[in-house]
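Everything below concerns the one structure shown next.
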Amino acid sequence: MSERSAPEPATDFIRERIRADLQSGKVRQVVTRFPPEPNGYLHIGHAKAITLSFSIAQEFGGRCHLRMDDTNPEAEDQEFVDAIMADVRWLGFQWDAMFYAADYFGQLYEWAERLVEKGLAYVDDQDAETISKTRGTLTAPGTDSPFRSRSPQQNLALLRGMRDGEFADGTKVLRAKIDMAHANLNLRDPVMYRIRRMPHQRTGDKWCIYPMYDWAHGQSDSIEGITHSLCTLEFEHHRPLYDWFCDALGIYKPQQIEFARLNVEYMLTSKRKLLQLVEGGHVDGWDDPRMPTLRGLRRRGYPPQALVAFCKHVGIAKVNGTHEIGLLEFFVRDHLNKSAARRMAVLDPLKLVIENWPGGPGGDHVELVEAQNNPEDPAAGSRQVPFRGELWIEREDFLEQPPKDFFRLAPGREVRLRYGFFVKCTGVDKDAAGNVVAVRCTYDPATRGGNAPDGRKVKATIHWVACRDAVTATVRLYEHLFTDPDPARADGGDFLALLNPHSRRETQARCEPSLAAAAPGTHYQFERLAYFYVDHRDSRPGAPVFHRTVALKDAYKKARS
RNA sequence: UACCCCGUGGUGUAAUCGGUAGCACAGCAGGUUUUGGUCCUGUUGGUUCCUGGUUCGAGUCCAGGCGGGGUAACCA
């Protein structure tokens, strides 16, 4: 409905460079790629990378590939491949072609022999520990391997032996012959192949040597004709090696461009830490609604459109910063406000008794009132909601002794029950301990639908659910997983100490009847409360489970805090 | 104590050939409103990290500082 959220034309250093490449004729059609390693689930940080690469391809009339960077069978699994594909689609993107780095193992091996023949790679018999030690440090140069000067012929025979399984795991590696004293540690004779007898999910037992990231990534990009290989900042030091391999091979060289990864307050994107949360039982699993994984965000109720809008809005740069989670929540509310149907539900019920209800408060008399499904979208239509003499209202909507800025129900005060009638509080019922157990009031039959013919106003409108028609449903209320906006920065790395003990609370809500049939995967706004998502995992027919996605803004609550 | 990258209001970003700072969110104030939501209007915040230089003129160029981030896996 609102005409804002107009997508301002994206401009940033990467797009500028692409425009220049297109203009100069260096590039004819833009080809990008999203290259995840299938060893875990995608999270919000990946959403930024996905949005970037896919939308750049869209904007420039190019193509975007999805490529599994599956060069390490120890950690990878088909389950993740499937999950990644599903998550990318869920975000709303469709790749123009799908590839696997494993599909290039044969080509990579041929190229390795070529490098060996050119004297640019050698087989090293040193073990991992020795290689690590002789690499030197950030300030001290490394030292040459005693095997560095083997002849191309020797190396070729050895490499073939490695490929043919003649050597035990870990006993030999193929290394690029660059410079053990280079200031960039990545250029100190990086390992290209390691021996590892382990079946690969794509190639089975065909290989017992597997390429390292640096030896596979740039070449994969080259094979696919990627024009702009976009990756995060930590790969900056790898670019010289990326270029070195392509130049040494004399093959097409894509350009790698780095950008800052996405950080959001209260969220962690370290695979290791996320795994710790799951394995330590601190969350329910990778799709726990408190997780920053795409699957978690989905179960929390974050619409993919909101995630993409957020990713586009934050832009890209080379500075590592942290985004306020409020910005993400803004995009979630922005999307849901226009798309989510409204319903009424009471989370913390307090009984409201209408003394002058026809036939008595507890009688059978019922009136069906019409409620709009979405004030922001007339096309969403309306529904009938039963109104009776006994209703549930939100406990916090009544105060026996209201402060001056409290507009809701209080003794002697009149408010509107949304889409229903005006009611005026006549008193309260209390238990022996003095707690209010019911609010008594009278209603004005002339205000049906919520308007007073005499034009009198009320200062508040509150939501309600008829007791007799209410359906009870499980509602899960979520808060940030951590108490600190920057859990990654936790002292000693003990981010677990920063877990928010109240990050999940479950309660039973009294909902209007139509909610009994809420379909899994649906988003609702429970009026005056929050947006909720009908969990697609735990909901059962007739027994929906609602997840609070994000609360509505609350000026009153904010003013009071 | 090496190398690389970076440094614009609270947060994130923008600023054509160098011409004195824009946008979004957040904040504040008011209006509308059958959600204290949405929407609308107005508004507070920046000596563009510092110092010096080039220039009629620099956030934009140069030099030197200071500050932040990254890098030493047979992971990606």
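Every chain is numbered from 1, with letters handed out A, B, ... down the list of sequences.
Nucleotide B:A2 forms a Watson-Crick or G-U wobble pair with B:U71, both donor-acceptor distances falling under 3.5 Å. With a cut-off of 3.5 Å on both pairing distances, the Watson-Crick or G-U wobble partner of B:C23 is B:G12. Searching all strands for a Watson-Crick or G-U wobble partner of B:G52 with both distances below 3.5 Å returns B:C62. B:C28 is paired with B:G42 under the Watson-Crick or G-U wobble criterion, all donor-acceptor distances under 3.5 Å.
Using atom C1' as the reference point in both B:U60 and B:A73, the two lie 41 Å apart (nearest Å). Between B:A24 and B:U41, the two P atoms lie 10 Å apart (nearest whole Å). Separating the C1' atom of B:G67 from that of B:G57 is a span of 29 Å, rounded to the nearest Å. Taking the C1' atoms as reference points, B:G46 lies 15 Å from B:A15, given to the whole Å. Taking the P atom of each, B:C40 and B:U33 are spaced 16 Å apart, rounded to whole Å. Between the C1' atoms of B:U1 and B:G53, the separation comes to 31 Å (whole Å). Spacing between B:U71 and B:A14 at atom C1', rounded to whole Å, works out to 31 Å. For B:U54 and B:U11, the C1' atoms lie 35 Å apart once the distance is rounded to whole Å.
No contact: A:E265 has no heavy atom under 4.0 Å from any strand. Within the nucleic acid shown, A:V173 comes within 4.0 Å of at least one base atom, counting heavy atoms only. Base contact: A:I131 has a heavy atom under 4.0 Å from a base atom. Contact annotation for A:R196: no contact, since no heavy-atom pair falls under 4.0 Å across all strands. Across all strands shown, A:F406 has heavy atoms under 4.0 Å from base atoms, whether or not it also approaches the sugar-phosphate. Residue-level contact check: A:G321 touches the backbone only, with heavy atoms under 4.0 Å from sugar-phosphate atoms and none from bases. Counting any heavy atom pair closer than 4.0 Å across all strands shown, A:H323 reaches sugar-phosphate atoms only and no base atom. Heavy atoms of A:N451 sit under 4.0 angstrom from at least one base atom. Within 4.0 Å of A:E527, counting heavy atoms only, lies at least one base atom of the nucleic acid. Among the protein residues, A:L138 comes within range of the nucleic acid bases, having at least one heavy atom under 4.0 Å from a base atom. Within 4.0 Å of A:F235, counting heavy atoms only, lies at least one base atom of the nucleic acid. Nucleic acid contact for A:A317: sugar-phosphate only, since backbone atoms but no base atoms lie under 4.0 Å from a heavy atom of the residue. Within 4.0 Å (heavy atoms only), A:T461 reaches sugar-phosphate atoms of the nucleic acid but no base atom. Within the nucleic acid shown, A:N337 comes within 4.0 Å of at least one base atom, counting heavy atoms only.
A salt bridge links A:R148 to A:D189: at least one charged side-chain nitrogen sits closer than 4.0 Å to a carboxylate oxygen. Using a cut-off of 4.0 Å between Lys/Arg side-chain N and Asp/Glu carboxylate O, A:E166 and A:R160 are scored as not salt-bridged. Under the 4.0 Å criterion applied to side-chain N and carboxylate O atoms, A:R196 and A:E74 are assigned as salt-bridge partners. We find that A:D103 and A:R202 are joined by a salt bridge, their nearest charged nitrogen and carboxylate oxygen being less than 4.0 Å apart. Taking a cutoff of 4.0 Å between a charged side-chain nitrogen and a carboxylate oxygen, A:R528 and A:E394 do not qualify as a salt bridge. Between A:R343 and A:E527 there is no salt bridge, since no side-chain N of the basic residue sits under 4.0 Å from a carboxylate O of the acidic one. Look at A:D221 and A:R67 and you find a salt bridge, because one of the NZ, NE, NH1 or NH2 atoms lies within 4.0 Å of a carboxylate O, short of that distance. Under a 4.0 Å N-O distance rule, the pair A:D405/A:R560 qualifies as a salt bridge. Using a cut-off of 4.0 Å between Lys/Arg side-chain N and Asp/Glu carboxylate O, A:D334 and A:K338 are scored as salt-bridged.
Between A:R528 and B:G36 there is a side-chain N or O to OP1 or OP2 distance below 4.0 Å. Within the structure, every side-chain polar atom (N or O) of A:T11 is placed at least 4.0 Å from both OP1 and OP2 of B:A14. Listed pair A:R135 / B:C74 meets the phosphate criterion, a side-chain N or O lying under 4.0 Å from OP1 or OP2. OP1 or OP2 of B:A76 has at least one side-chain nitrogen or oxygen of A:R194 nearer than 4.0 Å. For B:C3, the OP1/OP2 oxygens have no side-chain nitrogen or oxygen of A:T139 closer than 4.0 Å.
Remark: the A:R342 side chain and the B:U35 base include a donor-acceptor N/O pair separated by less than 3.5 Å. Side chain A:E234 to base B:G69: no donor-acceptor pair is found below 3.5 Å. The base of B:G12 is not paired with the side chain of A:E324 by any donor and acceptor separated by under 3.5 Å.
Between A:D124 and A:R448, the residue whose closest nucleotide on RNA chain B is further toward the 5' end is A:R448. Of the two residues contacting RNA chain B, namely A:L417 and A:L327, the nearest-nucleotide position lying further toward the 5' end is that of A:L327.
Considering only residues two or more places apart in sequence or on other chains, A:E129 meets the side chain to side chain donor-acceptor pair (under 3.5 Å) condition with A:K133.
The ring-ring contact (aromatic ring centres under 6.0 Å, His included) with A:Y213 is formed by just one residue from the set A:F235, A:F245, A:Y242; it is A:F235. Of the candidates A:R408, A:K459, A:K424, A:R456, A:E414 forms a salt bridge (charged side-chain N to carboxylate O under 4.0 Å, His left out) with just one, namely A:R456.
Glycosidic conformation of B:G45 is syn; the angle stays within 90° of 0.
Of the residues in residues 553-561 of chain A, A:K553, A:A555, A:Y556, A:K558 come within less than 4.0 Å of RNA chain B through at least one heavy atom, sorted by number.
Considering only side-chain atoms of A:Y213, the nucleotide from B:A26, B:A76, B:G70 that sits closest is B:A76. Taking only side-chain atoms of A:A183, from C-beta outward, the nucleotide of B:A2, B:A24, B:G36 with the closest atom is B:A2. Checking B:C5, B:C75, B:G36 against the side-chain heavy atoms of A:K318 singles out B:C5 as nearest.
Rounded to an integer number of Å, the gap from A:L233 CG to B:C6 C1' is 8 Å. Rounding to whole angstrom units, CZ of residue A:R19 and P of B:U16 are separated by 13 Å. B:U35 atom P lies 12 Å from atom CG of A:L552, rounded to whole Å. For the pair A:H313 NE2 and B:A14 P, the computed distance is 11 Å after rounding to whole Å. What separates CZ of A:R175 from P of B:A73 is a distance of 12 Å, to the nearest Å.
Checked against the 6.0 Å centroid threshold, A:F34 and A:H65 do not count as a close aromatic pair.
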Run the side chain to side chain contact (heavy atoms under 4.5 Å, CB included) check on A:I14 and A:H228 step by step: do they pass? CA-CA 9 Å; A:I14 292 180; A:H228 303 268; 5.8 Å; no
Using atom names, set out every protein N or O paired with an N or O of nucleotides 18-20 of chain B below 3.5 Å, distance rounded to 0.1 Å.
none

